[in-house]
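Below is one structure, written out as structure tokens, with a few remarks after it.
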Amino acid sequence: MSDRPDFRLEHSELRGDDEFAEFTNVDLPYYSDWRGSFEKLAWATDDEALARARADVAIVGAPFDEGVSSRPGARFGPRAIRMAPTTWASDSAWSIQLDTEPYTHLTVVDAGDAPVVPTRPERALRVIHQKVSQVASHGAIPIVLGGDHSITYPSAAAVSRNAWPSSVGVLHFDAHADTGADQWGNLYAHGQPMRRLIEEGWVAGPNFVQIGLRGYWPDRETFAWMRERGFRWHTMVEIEDRGAEAVVGDAIAEALDGADRIYLSVDIDVVDPGMAPGTGTPESGGLLARELLRAVRQIVGAVELAGMDVVEVSPPFDTSEVTAILAHRVVMEAITALAAKRA
Ligand code: MN
Ligand code: MN
């Protein structure tokens, strides 16, 4: 009877079973040993953990898509963005763009998802508000992963409420103004959040600045309402004429003209559907991915960021994960730009 055979890598120095221990303590790639947090960062999902972490930034998931008017799927956005492919060791990211290692200058945690359940849209908005409030009350800048754009209403309201008596302006990237009065009678759908934020006084109209608008919605009366409230907006045509950097520079000055801090809301459909196909309401002729990433660096470098969201990533409509990757990198650019200021 022969002995049980050994597994032998005859042509390698890695032979035998006894060296296995040296492999157990490596930084595994993003898809392995998956525990689900953004960048495999530490979880801090309750008050105790958030108090202990004293984080500068906390990721919050808002897996909600019952506000969509067209194609659903954004409820899977937080998972897809967290799972977006990376090539770097999760704890030693380094930005070529900003020559900065974000995690050496900032403490970033993943606060987990707001406890959204399906079929209860108003409950969802309530728990998203509570979750973002919780993070902000611990001094962390919330970066919220949507979810459809409805989530900006509870999220920006939470940030504005926590910043009080400081005032918060909004920089809003989108193909759409999202200032509709209602959507088939729903006041809280993804075409309405910006109107609710203004009507309830969470943001002053003149400090609400929109970038990238194009297409055929909303209608003329809605733009009249926006003009009445002092909204400012920069269309895609203006960006084509003047360049994104000049337009974003003006938008920053407008949003801060009377406000102290900024909430940045990025609807991924501001980017051309060719570069961000995984979204519910695509509109042709948008920003380049690189223009959006540059704009995020420009904004976060220039303002005091109070909160942020990246919304409308719909993985069922995505191709090769390109939209999820872009959303992930938008978050990375913001984190790294915050770190660069701290460095
Ligand atoms: Mn939107
Ligand atoms: Mn949109």
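Just follow the structure's listing: the first ligand is 1, and inside any ligand the first atom is 1. Quantities reported herein were computed from a predicted structural model and do not represent experimental measurements.
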Next item on the list: Would you name the N/O/S atom of H176 that lies closest to the Mn ion (ligand 2)?
Entry: ND1
Notebook entry, point to check: So which N/O/S atom does D174 have closest to the Mn ion (ligand 1)?
Noted result: OD2
Item checked: Metal proximity, D148 vs the Mn ion (ligand 1), N/O/S cut-off 2.8 Å -> no
Next item on the list: May I ask you to decide whether E291 forms a salt bridge with R294, counting only side-chain N to carboxylate O separations under 4.0 Å?
Entry: no
Notebook entry, point to check: Quick check, are the ring centers of H172 and H234 under 6.0 angstrom apart?
Noted result: no
Next item on the list: Considering only NZ, NE, NH1 and NH2 on the basic side and carboxylate oxygens on the acidic side, decide whether R126 and E122 come within less than 4.0 Å.
Entry: no
Notebook entry, point to check: Quick check: are there more than 12 heavy atoms from other residues, nucleotides or ligands sitting under 6.0 Å from CZ of R161?
Noted result: no
Notebook entry, point to check: What's the atom name of the N, O or S in D267 nearest to the Mn ion (ligand 1)?
Noted result: OD2
Margin query: Regarding D269, does it place an N, O or S atom less than 2.8 Å from the Mn ion (ligand 2)?
Written below: yes
Margin query: Whether R79 and D113 form a salt bridge (side-chain N of Lys/Arg under 4.0 Å from carboxylate O of Asp/Glu) is what I want to check.
Written below: no
Note to self: Angle at the Mn ion (ligand 1), ND1 of H149 to OD2 of D178, rounded to 10 degrees, please.
What the structure shows: 90°
